[in-house]
Amino acid sequence: MIPHAPIGDAGSSLANKTGSWRIYIPVFDAKLCNGCGTCETFCPEGVVHKRDGSDTFVADYNYCKGCGICAHECPKNAIKMILEEK
Amino acid sequence: MPEKCHKDDSGGEMTGKLKSGRQVVEGSYAVAHAVAMCRPDVISAYPITPQTHIVEDLSQFVADGAIDSKYINVESEFSALSALVGASAAGARTYSATTSQGLALMHEVVFNMAGMRLPAVMTIVNRSMSAPINIWNDHQDSIAERDSGWIQLYVEDVQELVDTTVQAYLIAEDQEVSLPVMVCMDGFILSHVFEPVDLLDQKAVDEFLPPFKPVSILNPEDPKSFGMFVDPEYYMDFRYLVEQAMDQSRSKIGDAARSFESAFGRYYGDLIDTYQTDGAEIILVAMGSLVGTLRDVVDDLRSKGVPVGLLKIRAFRPFPADEIAEAIAGAKVVCVLDKNISLGTGEGAVFTEIKASLYNNGIRVPVIGFVIGLGGRDIPVGTVQQIVSNAEDVIKHGIEADSIFVDLRRH
Amino acid sequence: MESRPTAYLSTSGGTKMITESLLAPGHRGCAGCGASLAAKFILEGAGRDCIVCGPTGCLEVFTTPYPESAWRVPYIHSLFENPAAVASGIETALAAQGNTHTKVLVIAGDGSTFDIGIRSISGAFERGHNLTYVCYDNEAYMNTGIQRSASTPYDASTTTSPSGTVSYGNPFAKKDMPAILVAHGSPYVATASIAYPKDVIRKIKTATETEGPTYVQIHVSCCTGWYFDSSLGIEVVRLAVETALYPIFEFVNGELGKVHKIRQKPVEEYLRIQKRFAHLFKDESGSDEIAKIQAIADENVRKYGLVRN
């Protein structure tokens with residue numbers, strides 16, 4: 001059943017798990033992380049966030065497309081892009 | 001000052017409140033007044049001859065504080081209708097008016113607005129299309145938008161224009177329709193004529209026309225995305241829904257006409273109207289002010305014993321194929337008078353569509369088409385009488401030429 | 001209206017951040033898309049109580065494939081060349097409803113802004129609607145396959161201004177859109193870059209809180225159209241600023257205000273990492289062209305006083 005016009009619900013794109021696009025996966029090293037949040041700021045997907053109960057960061061791999069911006073911008077080299085085995 | 005002349009000519013005051021009751025007014029004033037009675041939240045228009053007097057009058061109403069509408073003085077017709085897309089999506093009742101080149105410039109938005117199911121009402125002051133550049137009346141401009149998903153209503157005189165404008169909002173904003181409506185009036189012939197008109201009473205219109213209640217609007221409290229990108233998986237279904245809404249509008253147009261009649265005592269027909277078609281061997285078909293001329297010819301010829309009748313098309317979209325087929329089934333010949341031409345077919349669009357609607361209904365009444373009155377060429381009574389003689393020849397000898405250009409300077 | 005923080009820059013979001021962001025994940029932007037990052041910052045600056053108009057373009061297509069929308073604010077797409085007019089209508093409708101709090105934004109690409117939509121922008125700014133027009137500037141028609149726009153920089157190779165044996169790519173200078181809108185009397189006109197998020201967010205906040213029609217033009221990288229590795233998406237636009245090819249400034253009530261000062265780097269550093277300029281480095285003959293581009297940068301330095309004294 002479609003609505004009378006092409007109108008969609010807020011944030012319904014969450015249904016589209018773009019993590020499947022990824023070739024390289026960002027691996028976050030909590031020991032090297034200084035908690036500056038640069039990775040979070042520059043994530044085009046808005047899916048890098050703090051680990052619960054911690055000041056270090058991680059990506060939501062359901063959506064992370066593996067662009068590598070977080071790794072390139074990290075001032076502590078705490079993020080490594082690794083070829084992902086699927 | 002032309003503005004002052006215009007105001008003086010319309011017999012009204014320069015400022016102050018709106019006229020009321022029965023008045024001799026210009027057609028443009030009458031439509032502006034009818035629009036005012038519908039309380040549009042947002043009016044957006046760009047001046048173009050012969051639509052200008054309508055938007056000047058509305059601007060004056062706004063300037064005088066006689067209406068609460070917001071008027072956007074846009075930089076083009078393209079933006080005029082685009083602004084209404086935004087305003088309507090934000091929940092506003094909207095109005096615009098244009099003609100000819102202005103409507104052509106809107107073309108992309110015309111399709112867009114219908115596809116987005118946004119129910120604006122727009123007066124089309126019918127005028128020819130350039131080239132050659134010409135400011136006078138025919139129906140080429142709105143006919144060219146026939147596939148856009150807008151409901152198109154054509155009116156015969158100024159009173160019908162006033163009354164149809166109000167009905168148009170009722171039809172457009174019905175949630176089962178939710179489509180924009182063009183109310184098409186003949187440029188100059190109706191826009192600049194002075195006629196006695198029953199101007200509508202605000203209270204009566206308020207009772208007839210409920211406030212606009214859209215299905216959904218742009219609202220931060222309930223954020224929806226409008227005008228989404230639709231791929232082949234869904235596109236055709238949305239187009240089908242527009243067609244379904246058009247189909248829904250068939251009964252709504254008739255309902256609006258009848259409820260208007262109960263409220264105001266005037267009725268102009270359903271999707272079509274017929275005049276003297278009982279026992280008519282020859283039926284003339286037309287839209288717009290030409291219907292008035294045809295009524296006189298029918299009266300005259302009937303008094304002389306010629307069995308001629310008249311079919312007036314009120315709604316060109318949705319196209320009343322079944323109603324037309326039923327109305328003309330008993331005739332011996334049908335003459336369709338088109339103030340437009342679909343170049344490359346040699347005939348007018350109404351003619352083509354009527355022929356198409358008869359075939360599968362199994363009706364084999366001869367139908368002949370007349371391309372007439374393009375670019376404001378006069379249509380005298382004698383010309384219509386000649387068309388009727390052509391029809392009589394068809395009854396006697398069959399069709400010789402099925403589409404005829406009327407009153408050409410040279411062939 | 002409930003005010004919920006969307007703090008991308010803060011570090012207090014926790015895992016809830018995803019559902020709090022006003023541009024939801026799951027959109028179909030390319031990996032490393034600069035436009036999606038700009039949209040994230042724009043919404044951060046504008047807040048939840050806004051309505052966004054988008055023209056046809058990358059951002060529209062990748063955020064609203066029916067039935068999935070990434071927008072958590074009301075969003076409307078009508079056509080390519082009309083978002084400023086659509087926004088004018090929305091702003092007028094809100095005014096008619098007595099709503100003085102909801103902000104009206106356009107978020108449009110450079111093709112819509114610099115080229116096909118300029119008539120409706122001019123009209124909206126001349127009429128003084130209370131709206132903020134944001135251009136995400138990736139310097140070509142990316143959605144249709146990297147064709148040249150009036151925003152494409154000098155000598156960039158695009159699919160309709162390709163470099164070739166007798167061409168160095170786009171032969172025209174980038175149109176000065178901010179100056180056009182300053183000339184319209186806009187009370188706030190600014191440029192920004194996704195390399196400087198706090199600046200983007202501040203400028204959007206300022207623009208949306210300024211009465212009248214305001215304009216913010218944000219330089220966004222496009223790895224697909226400029227041809228560089230997606231991980232360099234921030235570095236490349238940062239270099240555009242540092243080489244003075246993308247000056248960051250604001251005009252407040254027609255007067256040049258705050259300017260982002262730089263230590264000027266040679267333009268080669270910016271040009272060399274993008275394949276759209278690779279033809280300038282093939283042989284010696286490109287050096288004259290690079291000198292012309294350096295002259296454009298130097299003129300920006302002079303015009304806006306970009307270099308720290």
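Quick note on labels: first sequence line is chain A, next is B, and so on, each numbered from 1.
By the 6.0 Å contact criterion, NZ on C:Lys261 is enclosed, its count of non-hydrogen atoms from other residues, nucleotides or ligands being greater than 12. Around the NZ atom of C:Lys205, the shell of radius 6.0 Å holds no more than 12 heavy atoms that belong to other residues, nucleotides or ligands. By the neighbour-count criterion of 12 heavy atoms within 6.0 Å, atom CZ of A:Phe28 is densely surrounded, having more than that number from other residues, nucleotides or ligands.
Note that the CD1 atom of A:Ile2 and the OH atom of C:Tyr66 stand 5.5 Å from one another [nearest 0.5 Å]. The OG atom of C:Ser221 sits 6.0 Å away from atom CD1 of A:Ile69, with the distance rounded to the nearest 0.5 Å. In this structure, SG on C:Cys30 lies 7.0 Å from CH2 on A:Trp21, to the nearest 0.5 angstrom. Separation of atoms CZ (C:Arg28) and OG1 (A:Thr18) is listed at 9.5 Å; rounding is to 0.5 Å.
Counting heavy atoms from C-beta on, the side chains of C:His27 and A:Tyr63 never come closer than 4.5 Å. Contact of the A:Ser13 side chain with the C:Ser69 side chain is not registered, since no non-hydrogen atoms from C-beta on lie closer than 4.5 Å. You'll find the side chain of A:Glu45 stays beyond 4.5 Å of the side chain of C:Lys40, heavy atoms only. Side-chain contact check for C:Ile234 versus A:His72: every heavy-atom pair is 4.5 Å or farther apart.
For C:Ala35, no part sits under 4.5 Å from any heavy atom of chain A, backbone or side chain. Proximity to chain A is limited to the backbone of C:Ile194, based on heavy atoms less than 4.5 angstrom apart.
Nearest heavy-atom pair, A:Cys67 versus C:Gly32, reported as atom, atom and distance to 0.1 Å: CB-N, 3.1 Å.
Highest contact tally toward chain C, considering only A:Pro3, A:Gly8, A:Gly19, A:Gly11, is held by A:Gly11 [criterion: heavy-atom pairs under 4.5 Å]. In terms of non-hydrogen atom pairs under 4.5 Å with chain C, the most contact-rich of A:Gly68, A:Pro44, A:Ala10 is A:Pro44. For the set C:Gly26, C:Pro65, C:Ser36, the count of heavy-atom pairs under 4.5 angstrom toward chain A peaks at C:Gly26. Most heavy-atom pairs under 4.5 Å with chain C, from the set A:Lys17, A:Arg22, A:Glu73: that is A:Glu73. If you tally non-hydrogen atom pairs under 4.5 Å between each of A:Ala15, A:Cys43, A:Gly53 and chain C, the highest count goes to A:Cys43.
Using modelled atom types, one side-chain atom of A:Ser12 and one backbone atom of C:Pro67 make a donor-acceptor pair closer than 3.5 Å. Under a 3.5 Å cut-off, the side chain of A:Lys65 and the backbone N or O of C:Cys33 do not form any donor-acceptor pair.
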